[in-house]
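Below is one structure, written out as structure tokens; the observations come after it.
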Amino acid sequence: MKIEKNKVVELIYELTVDGQLADKTTKERPLDFIQGMGYLLPLFEQNIEGKEPGDKFAFTLEAKDGYGEWEQERVIDLPKQAFEVDGKVREDLLVVGNMIPLMNPMGGVVPGKVLEVTEATVKMDLNHPMAGKTLNFEGEIVSVREATEQELTEGLHGEFVQHACSGGCGHKCGDGECGGCGESGCGEGGCGCGKEEGGCGCGK
């Protein structure tokens with residue numbers, strides 16, 4: 001069976017960025033998704049369209065086709081109070097280089113990187129970690145099958161169903177200015193998943 005819209009695909013891949021291995025999956029834990037439903041970057045899906053189990057692939061996505069260019073305006077200063085939990089600032093989270101899931105006004109989760117901590121503010125970089133990067137993918141198709149009606153309606157792992165979980169657990173994590181610290185329930189994601197999930201290879 002060939003990869004086409006509404007097919008469930010399992011694949012393994014390695015992602016190389018700046019000459020370094022950035023992410024990978026294995027046959028024991030492959031990446032799985034439904035083709036054509038926005039799980040992956042559009043050009044990722046385009047490059048594997050029509051392939052069958054056992055077929056290998058290798059392609060490169062420039063920054064404009066991946067996570068876009070790095071943008072200075074997505075570096076913002078937040079008051080330390082934005083990181084309060086139960087009335088106390090989580091100083092243990094505010095370490096330079098740490099990634100913190102932030103919640104925007106719409107309830108979406110945006111991963112931010114701590115750049116600088118002062119007495120009153122925290123400078124955060126809200127650019128995707130792979131913004132401005134050239135993505136080199138190489139891998140193999142493991143399996144292809146028809147998606148069930150339930151999977152098409154609810155998502156491959158129920159991600160289209162609204163759950164009452166703490167801190168924004170959907171696959172579609174939003175963009176924009178952030179108002180506070182949130183717990184991300186977005187799962188493992190990985191490089192093949194959608195841009196808004198925060199994984200390395202994800203769709204827009």
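Residue numbers start at 1 and run along the sequence shown.
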Legend entry - Ring center gap for F57 and F137 short of 6.0 angstrom: no
Legend entry - Distance (rounded to the nearest 0.5 Å) between K133 NZ and L15 CG: 11.0 Å
Inset, instruction - Return the minimal non-hydrogen interatomic distance between M99 and P111, and the atom names on each side. - result: CE-CB, 4.0 Å
Inset, instruction - Before giving the answer on side-chain contact (heavy atoms from CB on, under 4.5 Å), spell out for L126 and V75 the whole-Å C-alpha distance, their side-chain angles and the decisive distance to 0.1 Å. - result: CA-CA 6 Å; L126 305 186; V75 177; over 6 Å; no
Legend entry - From F33 atom CZ to E159 atom CD, the distance as rounded to the nearest 0.5 Å: 12.5 Å
Inset, instruction - Looking only at non-hydrogen atoms, find the nearest pair between P53 and S143 and report the distance. - result: CG-CA, 3.9 Å
Inset, instruction - Kindly indicate whether the side chain of L11, heavy atoms from C-beta on, has any atom under 4.5 Å from the side chain of P30. - result: no
Inset, instruction - Answer yes or no: are there more than 12 heavy-atom neighbours, outside Q20 itself, under 6.0 Å from its atom CD? - result: no
Legend entry - Side chain to side chain, F83 and V122, heavy atoms closer than 4.5 Å: yes
Legend entry - Nearest heavy atoms of K5 and G36, plus distance in Å: NZ-O, 3.2 Å
Legend entry - Backbone of L156 reached by a side-chain donor or acceptor of Y39 within 3.5 Å: yes
Inset, instruction - Assess whether side-chain contact (heavy atoms from CB on, under 4.5 Å) is satisfied between M37 and F160, documenting all intermediate values. - result: CA-CA 11 Å; M37 292 189 68; F160 299 155; 3.3 Å; yes
Legend entry - NZ/K113: more than 12 non-hydrogen atoms of other groups inside 6.0 Å: no
Legend entry - Under 3.5 Å: donor-acceptor pair, side chain of N127, backbone of E71: yes
Legend entry - Q35 and E49: side chain donor to acceptor below 3.5 Å: yes
Legend entry - Min side-chain heavy-atom separation L94-K80 under 4.5 Å: yes
Legend entry - Minimum side-chain heavy-atom gap L43-F59 below 4.5 Å: no
Legend entry - Heavy-atom side-chain contact between V17 and T134 under 4.5 Å: no
Legend entry - Spacing of E154 atom CD and H157 atom NE2 [to the nearest 0.5 Å]: 13.0 Å
Inset, instruction - Using modelled atom types only, decide if a donor and an acceptor are shared between the side chain of T16 and the backbone of G19 within a distance under 3.5 Å. - result: no
Legend entry - From CD (Q46) to CG (L41), nearest 0.5 Å: 11.5 Å
Legend entry - Distance-only side-chain donor-acceptor flag, Y13 / D23, under 3.5 Å: yes
Legend entry - E138 atom CD, over 12 foreign heavy atoms within 6.0 Å: no
Legend entry - Minimum-distance pair of heavy atoms, taken over all atoms of G66 and L135: CA-CD1, 4.3 Å
Inset, instruction - Report the distance from atom OG1 of T121 to atom CD of Q81, rounding to the nearest 0.5 Å. - result: 10.0 Å
Legend entry - Residues D92, R90: salt bridge by 4.0 Å N-O rule: yes
Legend entry - Distance-only side-chain donor-acceptor flag, T60 / N136, under 3.5 Å: yes
Inset, instruction - Specify the closest pair of heavy atoms between V114 and L93, including all atoms of both residues, with the distance to one decimal. - result: CG2-O, 4.3 Å
Legend entry - CD on E14 to NZ on K24, rounded to 0.5 Å: 5.0 Å
Inset, instruction - Any chance you could lay out the side-chain contact (heavy atoms from CB on, under 4.5 Å) test for L31 and I12, step after step, and finish with the verdict? - result: CA-CA 6 Å; L31 169 69; I12 57 174; over 6 Å; no
Inset, instruction - Inspect the contact between K7 and E146 and indicate whether a charged nitrogen and a carboxylate oxygen are less than 4.0 angstrom apart. - result: yes
Inset, instruction - Answer whether the closest heavy-atom distance between the side chains of E10 and I141 falls below 4.5 Å. - result: no
Inset, instruction - Evaluate the criterion side-chain contact (heavy atoms from CB on, under 4.5 Å) for residue pair I3 and E52; output intermediate values, then yes/no. - result: CA-CA 6 Å; I3 296 175; E52 300 177 290; over 6 Å; no
Legend entry - Heavy-atom check, side chain of V144 versus side chain of K2, under 4.5 Å: no
Legend entry - Minimum side-chain heavy-atom gap L102-L78 below 4.5 Å: yes
Legend entry - Same cluster (ILVMFWY, side-chain, under 4.5 Å), V9 and I34: yes
Inset, instruction - Could you tell me whether K51 and E140 have a side-chain N and a carboxylate O separated by less than 4.0 Å? - result: no
Inset, instruction - Decide, yes or no, whether a salt bridge links R74 with D125 under the criterion of side-chain N to carboxylate O below 4.0 Å. - result: no
